[in-house]
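Below is one structure; the comments refer to it alone.
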Amino acid sequence: MKFKEIDAQHQRVEQITTSHLVIGIDMAKEIHVAQATNFRGIVVSKRHLSFSNSIEGFEKLSRWMSERSW
């Protein structure tokens with residue numbers, strides 16, 4: 001069972017191309033933090049984004065991702 005999970009994860013990672021933007025999110029109970037990286041894992045945003053665990057916070061994350069020219 002464990003090998004199938006690892007294989008599936010590797011297949012998803014292999015689908016990442018040079019045109020993909022990877023957003024890593026550190027999730028917590030109330031405040032989350034997001035950071036953007038390129039396909040190689042190199043940070044491409046000048047600053048991380050802190051946003052609340054609410055509809056407004058996720059709308060803020062959505063705007064942050066769409067308003068940037070990565």
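- Atom-to-atom distance recorded for D7:CG and R12:CZ is 10.0 Å, nearest 0.5 angstrom.
- When the side-chain contact (heavy atoms from CB on, under 4.5 Å) test is applied to T17, the partners found at least two apart in sequence or on another chain are S19, H20.
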(message) Pair T37, V43 - check side chain to side chain contact (heavy atoms under 4.5 Å, CB included), show working.
(response) CA-CA 4 Å; T37 64; V43 175; 4.2 Å; yes

(request) I would like to know whether N38 and L21 meet side chain to side chain contact (heavy atoms under 4.5 Å, CB included); could you show each step before the answer? (result) CA-CA 5 Å; N38 66 12; L21 176 68; 5.9 Å; no

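- With 3.5 Å as the limit, one finds no donor-acceptor pair spanning the side chains of S52 and E30.
- Classification of the F58-H32 ring pair by plane angle, with boundaries at 30° and 60°, yields tilted.
- S62 is linked by a side chain to side chain donor-acceptor pair (under 3.5 Å) to nothing, counting only residues two or more places apart in sequence or in another chain.
- Side-chain atoms of D26 do not come within 3.5 Å of backbone N or O of V33 as any donor-acceptor pair.
- Minimum interatomic distance between S45 and A36 (heavy atoms only, all atoms of both residues): OG-N, 3.5 Å.
- Within a 6.0 Å radius of CD1 in I42, more than 12 heavy atoms belonging to other residues, nucleotides or ligands are found.
- Across M65 and I23, no two heavy atoms sit closer than the pair SD-CG1, 3.7 Å.
- No path of Ile, Leu, Val, Met, Phe, Trp and Tyr side chains, each step under 4.5 Å between heavy atoms, connects V13 with F39, placing them in separate hydrophobic clusters.
- Linking ILVMFWY side-chain heavy atoms closer than 4.5 Å, directly or via other members, places W64 and M27 in a single hydrophobic cluster.
- With hydrogens and angles ignored, the 3.5 Å screen pairs a side-chain donor or acceptor of S54 with a backbone N or O of G57.
- Minimum interatomic distance between L49 and K60 (heavy atoms only, all atoms of both residues): CD1-CE, 3.6 Å.
- Contact between A34 and I25 at its shortest, heavy atoms only, is CB-CG1, 4.1 Å.
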